[in-house]
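Working notes, beginning with the structure itself.
Counting convention: from 1, in listed order, for ligands and their atoms alike. Values below: every heavy atom of this structure, side chains too, minus hydrogens, waters and symmetry copies. All residue numbers in this chain count up from 1 along the given sequence.
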Amino acid sequence: MSEARQALAEQLAEAVYQALADDLVNQSRALLVVSGGSTPVPFFKALAQKPLEWARVDITLADERWVDEQSSDSNAKLVRENLLQGPAAAANFVPLTSDAGTPEEGVPAVAEATAGLAWPASVVILGMGGDGHTASLFPDSQELGLALSTDEPLVAVRTPSQPQPRITFSADRLHQAKRHILHITGDDKRAVLANAMGGDDVRTLPIRAFLSCPLAIYWAP
Ligand SMILES: O=C(O)[C@H](O)[C@@H](O)[C@H](O)[C@H](O)COP(=O)(O)O
């Protein structure tokens, strides 16, 4: 982990901590929506130590692979091992999977499990892949159009470029959050983001759906 990436993670943790603390002044509960992948790990570790009233915080994921929670591909496992630790262990975490065999069958149960969270989310933290995907809004997924247009909260997604089926919050549900943050690292992702900012076709680079949320960009080399 470079010093710059560690510093970025700590700055992001401080900003998210402040946002949640601010919202908890006027709300009984606040919701944080996080992404999986490798980038958020140092951020999760830094945020977990913040002196928040974690028992009043709900946490869920922007998206999830439809895998067992013991799988190393599970975003829920990542969150449990890195964010729900220390003070943050008191938070209420709701994963995006169910006992159903497929995400298509599981969407209703996950929608029910997540309906009672403290929407609209205080903060949504997005990641981005080299193909411009964010959450599980992939350029090559058949369900991209649906995920970008539906007012349903959740969409099951099949993506040729990805080994597992997935479930994702829809763009509409993610848009409704009070604050949007993109957490990315490396020159490759900076170039993808620059490309995204230079055009409008959301279907080729789905991160474009969030560029005017407004979106706070946390980037380090
Ligand atoms: O993987 C996930 O769970 C998220 O769906 C995905 O949107 C992620 O944020 C990007 O793929 C970036 O991943 P990295 O941080 O591993 O580059």
* Measure the CG-CG distance between Leu117 and Leu31 for me, rounded to the nearest 0.5 Å. => 5.5 Å
* To do: Classify the contact between Ala135 and ligand 1 as side chain, backbone, both or neither, using a heavy-atom distance cut-off of under 4.0 Å.
  => backbone
* According to the salt bridge (Lys or Arg N to Asp or Glu O under 4.0 Å) rule, which pairs have a member within residues 14-30, sequence neighbours left out? -> Glu14-Lys50, Asp23-Lys178, Asp23-Arg179, Arg29-Asp58
* **atom 9 (O) of ligand 1 [closest protein heavy-atom partner, distance rounded to 0.1 Å]** => Gly127 CA, 3.4 Å
* Return the residue, atom name and 0.1 Å-rounded distance of the protein heavy atom closest to atom 2 (C) of ligand 1. => Arg65 NH2, 3.6 Å
* Considering only protein heavy atoms, which is closest to atom 17 (O) of ligand 1, and at what distance to one decimal place? -> Lys189 NZ, 2.5 Å
* Asked: Can you tell me which residue and heavy atom of the protein come closest to atom 4 (C) of ligand 1, and the distance to 0.1 Å?
  -> Asp63 OD2, 3.4 Å
* May I ask whether Arg166 has any heavy atom positioned less than 4.0 angstrom from an atom of ligand 1? => yes
* **Pairs touching residues 66-88 that satisfy salt bridge (Lys or Arg N to Asp or Glu O under 4.0 Å), sequence neighbours left out** => Glu69-Arg80, Lys77-Glu81
* Structure fact -> dist Ser170:OG -> Asp63:CG (nearest 0.5 Å) comes out at 12.0 Å
* Asked: If you measure from CD on Glu143 to CZ on Arg158, what distance do you get to the nearest 0.5 Å?
  -> 8.0 Å
* To do: Could you find the nearest protein heavy atom to atom 11 (O) of ligand 1 and give me its residue, atom name and distance?
  => His133 NE2, 2.9 Å
* To do: Could you grab the distance from atom CZ of Arg173 to atom OG1 of Thr168, nearest 0.5 Å is fine?
  => 12.0 Å
* Classify the ring geometry between Trp119 and Phe169 as parallel (under 30°), tilted (30 to 60°) or perpendicular (over 60°). => perpendicular
* **Thr60 side-chain N/O to Pro95 backbone N/O, donor-acceptor pair under 3.5 Å** => no
* Hey, which atoms in ligand 1 end up nearer than 4.0 Å to a heavy atom of Asn75? -> 2 (C), 3 (O)
* Asked: Which residue owns the protein heavy atom closest to atom 12 (C) of ligand 1, what's the atom, and how far is it?
  -> Met128 O, 3.4 Å
* **Per-atom contacts of ligand 1 with Thr39, taking only distances under 4.0 Å to non-hydrogen atoms** => 14 (P), 15 (O), 17 (O)
* Could you say whether the N/O atoms of Ser35 and ligand 1 ever approach to under 3.5 Å? => no
